[in-house]
Structure formats: C-alpha cells, structure tokens
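Heads up: the structure comes next, in structure tokens.
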Amino acid sequence: PIGFTGVPIAPLSREAVAATVPVTPKRTERLNRARHHRGSTRRQNRRAHKERRIAHKLSASAQAARTIERALRITQEPHNWMRPLEWLAFHESAYNPHAIAYEGVGNETACGLFQVLPTTFAAHELPGRTNIWNPVDNTVAAIRYIAGRYGTPQSIPGLESSSYAGY
C-alpha cells in the first residue's frame, strides 16, 4: 500500500505499464471539466440547502399564522387579535409547536406553540381539542385563557415590548 512507512513500493510490471492510460491534453481537459462540474454541483447544493433553510423559517411563521387564524375562527375571537398572537407565539416558542420550557412552574412544564401549562390547557381546552401538542388545540386553549384572564391579547402586560415577561 502506498503511503505506509516501511512498506516498499513495488515497481510496475510491463503489463501494468502497458495498461496505463496516457494523459493527453484532451483527457486532461475532460478531467478538469468534471472537477469543475463537481465543484459547481457542490455550490449549487449549498445554495439549495441555504434556500431550504430560509424557506423553512418562512414556512414556520406562515404555518403559525395559519394555525392562529384557524384557532381564531374556532374560538370566534376577532381577527385583530392576529398580530399580537403571532408576536406572542414567536416570543413564547419561536413558532415551534414542539417547544418545551426550560424552567417549570411548580411541577409543570409549559409546552407547545403558546407554552401552555398542562393544567391551564386542561381548564381551557374545547371538547375534541384535547392534544396539547397539536398546534391548533394549543392555540385554542391559549386564546381561551387570554380571553378569560385579560379580555384581549393587547391587554397582556408588556406585550410587544421589552418588558414582556409572559402571559
């Protein structure tokens, strides 16, 4: 094997020398084009991956917006709640419906798109909407909690400001 120290390199036999392909200028040009194409493909793959990452970020906010719109229709709350609820979803979970809070409250850990505690979710869920991990169910419970406690999302202390500490 070439590259291992202490192992002698055996000379090529006459058959091996005869079987080698001479490198002609035309062949060199083809090899260079193949290398360039391989590099170009890598660049294209990197660009495509970056675009997919950006599209994923956009789709997360778009998906959250669709979820919030659906939950507003289900709860029959006004559409002017949309912007504050989007802001809230971003600041609570970064639009991640599978988010889990780092710190718990009592024995519970907030989870989901709106970081709802399991007991709060159970108290505000609708019949048939009992999965805290379902983004629509989570949003419906959060909207019902906000409506009951604050009246409107705009009444949440510190909402859309740097003093926001949770709802």
Side-chain angles (χ1 to χ4, degrees), residues 3 29-167:
E29 184 181 324
R30 274 197 315 257
L31 288 171
N32 287 339
R33 264 189 286 150
R35 280 190 205 107
H36 175 72
H37 177 71
R38 214 174 23 246
S40 174
T41 303
R42 284 187 194 123
R43 280 190 297 277
Q44 289 169 350
N45 288 345
R46 274 190 233 117
R47 188 178 316 120
H49 179 70
K50 183 177 179 182
E51 288 169 359
R52 278 193 304 273
R53 278 194 333 247
I54 292 168
H56 176 70
K57 288 179 184 175
L58 295 175
S59 68
S61 64
Q63 184 64 42
R66 281 192 291 270
T67 299
I68 294 167
E69 282 177 5
R70 188 168 175 202
L72 284 172
R73 280 195 307 273
I74 292 168
T75 58
Q76 299 179 347
E77 295 298 344
H79 194 266
N80 69 351
W81 286 28
M82 187 70 188
R83 183 170 175 230
L85 289 174
E86 284 180 311
W87 186 92
L88 197 59
F90 176 75
H91 285 83
E92 289 292 335
S93 68
Y95 303 128
N96 180 359
H98 305 290
I100 299 173
Y102 290 113
E103 295 180 22
V105 177
N107 313 2
E108 297 183 296
T109 304
C111 51
L113 186 63
F114 278 86
Q115 293 294 283
V116 180
L117 292 170
T119 53
T120 303
F121 180 83
H124 295 89
E125 68 186 16
L126 283 176
R129 299 236 166 246
T130 58
N131 182 356
I132 195 169
W133 294 108
N134 179 312
V136 176
D137 297 0
N138 190 286
T139 305
V140 165
I143 289 172
R144 292 182 55 160
Y145 171 75
I146 290 167
R149 177 154 185 184
Y150 301 103
T152 69
Q154 293 87 343
S155 301
I156 297 172
L159 189 75
E160 297 192 40
S161 73
S162 59
S163 64
Y164 175 73
Y167 70 102

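No experiment lies behind these values; they were computed from the predicted model shown.
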Can you tell me how far the CG atom of L113 sits from the CD1 atom of I68, to the nearest 0.5 Å? 6.0 Å

Between F114 and Y167, what is the ring plane arrangement, given parallel below 30°, perpendicular above 60°, and tilted in between? perpendicular

For W81 and I143, the nearest pair of non-hydrogen atoms, with its separation, is CZ3-CG2, 3.7 Å

Atom pair CZ (F121) and OH (Y145), whose distance is rounded to the nearest 0.5 Å: 15.0 Å

Might you point out which heavy atoms bring L72 and L85 nearest each other, and give the distance in Å? CD2-CD1, 3.8 Å

On a heavy-atom basis, the closest approach of I132 and N138 is O-ND2, 3.0 Å

If I take atom OG1 from residue T120 and atom CD from residue E108, how far apart are they, to the nearest 0.5 angstrom? 6.5 Å

Hey, mind stepping through R144 and L126 against side chain to side chain contact (heavy atoms under 4.5 Å, CB included) and telling me if it holds? CA-CA 9 Å; R144 292 182 55 160; L126 283 176; 2.2 Å; yes

Which heavy atom in R129 sits nearest to a heavy atom in E125, and how many Å separate them? O-CB, 3.5 Å

Point-to-point distance, once rounded to the nearest 0.5 Å, from CD of E69 to OG1 of T67: 9.5 Å

Contact summary for E160 and P84, nearest pair of heavy atoms: OE2-CA, 3.6 Å

Hey, what do you get for NE2 (H79) to CZ (R73), rounding to the nearest 0.5 Å? 8.5 Å

Shortest non-hydrogen contact between W87 and G158, atoms and distance: CH2-O, 4.4 Å

For T130, give me all partners under side chain to side chain donor-acceptor pair (under 3.5 Å), at least two apart in sequence or on another chain. none

